[in-house]
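Structure record follows, encoded as structure tokens.
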Amino acid sequence: MTWNVLISDIGAPYRVPGGPRRSFPQADPPAIRRIASARAYGTQVMMVKQISAAGTGRTTLGTWTEILWPDLRDLACREHGHAPGHVCLSVSGRADLGNLVETLSGRYGEPFAGFDRLPPLPLSGQVDWRYAWPFSNRWVAFGRTGQGEGAGPALMIALRSTPVAEQLPAEASWLEQLVAVTGWVPRTAGQVDWAAVESRLGTPLPSDYKALVETFGNGMFDGFHCVSMPDDLINNAESAARPGQAPWEPHPPFPASGGLVPWRSNEHEQWFHWITEGSDPDRWPVYVTGAEPEAGDRFDCTATEYLFRHLTDPQHPIPMPVDFRAHWFMDCSGNVELDAAME
């Protein structure tokens with residue numbers, strides 16, 4: 001059996017026209033917001049199921065699609081005696097479980113695993129849950145039922161909840177708020193040699209960016225926004241500075257004074273830069289550009305504050321492409337060892 005989840009964008013790349021310098025809080029007129037949102041919300045999530053002799057049963061394509069997306073539907077399991085809030089999915093005993101787990105990880109990123117990172121899940125008294133992948137307000141969970149020769153696979157989609165921005169403590173830092181709204185559970189990660197990174201780049205980097213990288217690592221917020229890891233950040237800055245590259249007016253590429261250093265991107269060809277003005281990198285503003293080398297939008301805040309507000313503010317001047325019910329971080333580190341064995 002093979003699973004593949006496609007996130008297919010059928011809308012044109014969106015971009016709120018650049019121009020005036022912006023500071024938070026800032027809201028575009030409702031009409032502009034509706035137009036931008038209508039174009040951006042062309043994103044759809046489709047579950048594609050390829051059934052072989054080792055399939056998962058008779059669950060239809062439409063049923064699977066509805067369970068994961070849209071994320072507005074209630075989850076009600078058809079198994080007798082099961083409480084609402086999840087759906088149990090049938091898995092054939094002949095299914096290639098290793099391929100199933102690998103495919104889920106290939107689409108949803110590295111799963112939460114281990115007693116210190118797995119979330120509370122339904123049926124925990126009956127199922128030994130091994131892995132859980134976040135997707136909006138859903139968990140996709142894989143585990144084992146029974147023991148020994150009677151052991152079998154278990155697969156479930158369950159409701160997932162995270163706090164909304166309004167519920168967070170006012171004294172929490174932007175990074176702490178980002179961790180909270182994504183439900184991220186930080187784990188021990190390899191140390192970054194920031195001295196070497198900054199020496200190669202030729203400038204100190206904002207402290208909030210370094211903390212962001214060390215807390216989350218490599219991955220995508222809401223499966224869409226990718227914060228550049230140090231090596232990618234250096235490569236992108238060097239590429240932008242090569243002769244013949246069109247500059248993002250009115251800012252030159254770094255290392256020119258006030259030049260741009262890109263620190264984040266997405267599949268809509270938007271780039272998020274720092275304007276390297278002044279001697280204190282913690283005061284560098286964020287500059288957002290589209291696919292073409294035109295004037296972008298300036299935001300006077302740190303990268304972490306911008307990322308948090310972009311994810312959570314429904315009136316943000318640059319809308320998210322999809323109005324997800326919950327936020328998450330898709331872990332692309334490749335650091336989780338996967339084992340689908342039923343022993």
Side-chain angles (χ1 to χ4, degrees), residues 1-7 44-52 54-109 111-115 117-164 183 185 223 322-328 330 338 340-342:
M1 179 203 66
T2 301
W3 291 95
N4 186 24
V5 182
L6 301 179
I7 298 180
Q44 64 175 354
V45 177
M46 183 187 306
M47 176 71 79
V48 177
K49 184 172 67 170
Q50 299 174 348
I51 303 176
S52 67
T56 61
R58 298 180 179 177
T59 306
T60 65
L61 171 61
T63 301
W64 281 85
T65 304
E66 293 172 0
I67 293 173
L68 278 176
W69 189 258
D71 54 5
L72 304 173
R73 297 179 181 274
D74 294 332
L75 297 182
C77 189
R78 295 183 179 180
E79 296 291 330
H80 178 71
H82 284 199
H86 75 278
V87 174
C88 292
L89 310 173
S90 60
V91 182
S92 169
R94 298 173 296 168
D96 184 342
L97 301 180
N99 183 62
L100 169 61
V101 170
E102 290 284 351
T103 303
L104 288 171
S105 297
R107 172 45 52 191
Y108 298 116
F112 284 51
F115 71 93
R117 300 193 78 238
L118 275 172
L121 292 167
L123 308 179
S124 292
Q126 306 171 43
V127 180
D128 175 18
W129 295 113
R130 302 284 188 85
Y131 306 116
W133 294 264
F135 178 85
S136 185
N137 65 341
R138 306 285 200 248
W139 286 110
V140 179
F142 173 85
R144 178 185 67 178
T145 61
Q147 300 289 332
E149 295 183 358
L155 192 63
M156 176 182 69
I157 296 176
L159 285 176
R160 172 179 176 268
S161 63
T162 56
V164 297
V185 180
V322 179
D323 189 16
F324 288 112
R325 295 287 299 276
H327 303 290
W328 79 101
M330 179 177 171
L338 302 174
M342 289 293 103

Please report the shortest heavy-atom distance between [X] and [Y], naming the atom on each side.
| X | Y | result |
| --- | --- | --- |
| Thr145 | Ala154 | CG2-CB, 3.8 Å |
| Trp139 | Ala132 | CE3-CB, 3.7 Å |
| Pro122 | Met156 | CD-CE, 3.7 Å |

Would you verify whether the NZ or CZ of Arg117 falls within 45 degrees of the ring axis of Phe112 while also being under 6.0 Å from that six-membered ring's centre? yes
Test item: Tyr108 and Pro134 side chains (from C-beta on) under 4.5 Å apart, heavy atoms: no
Indicate yes or no: at least one non-hydrogen side-chain atom of Ile157 is less than 4.5 angstrom from one of Cys88. no
To the nearest 0.5 angstrom, please state how far the OG1 atom of Thr103 sits from the CG atom of Asp96. 8.0 Å
Rounded to the nearest 0.5 Å, how far does CZ of Arg130 lie from CG of Leu97? 10.0 Å
Test: side-chain hydrogen bond (donor to acceptor under 3.5 Å, both in side chains). Region: residues 79-89. Which pairs qualify, not counting sequence neighbours? His82-His86
Who pairs with [X] by side-chain contact (heavy atoms from CB on, under 4.5 Å), at least two apart in sequence or on another chain?
| X | value |
| --- | --- |
| Pro84 | none |
| Ser124 | Leu121, Trp129 |
| Thr162 | Arg160, Ala326 |

side-chain hydrogen bond (donor to acceptor under 3.5 Å, both in side chains) against Ser105, all qualifying residues, sequence neighbours excluded: Trp133
For the residue pair Tyr131 and Phe142, categorise the inter-ring angle as parallel (less than 30°), tilted (30 to 60°) or perpendicular (more than 60°). parallel
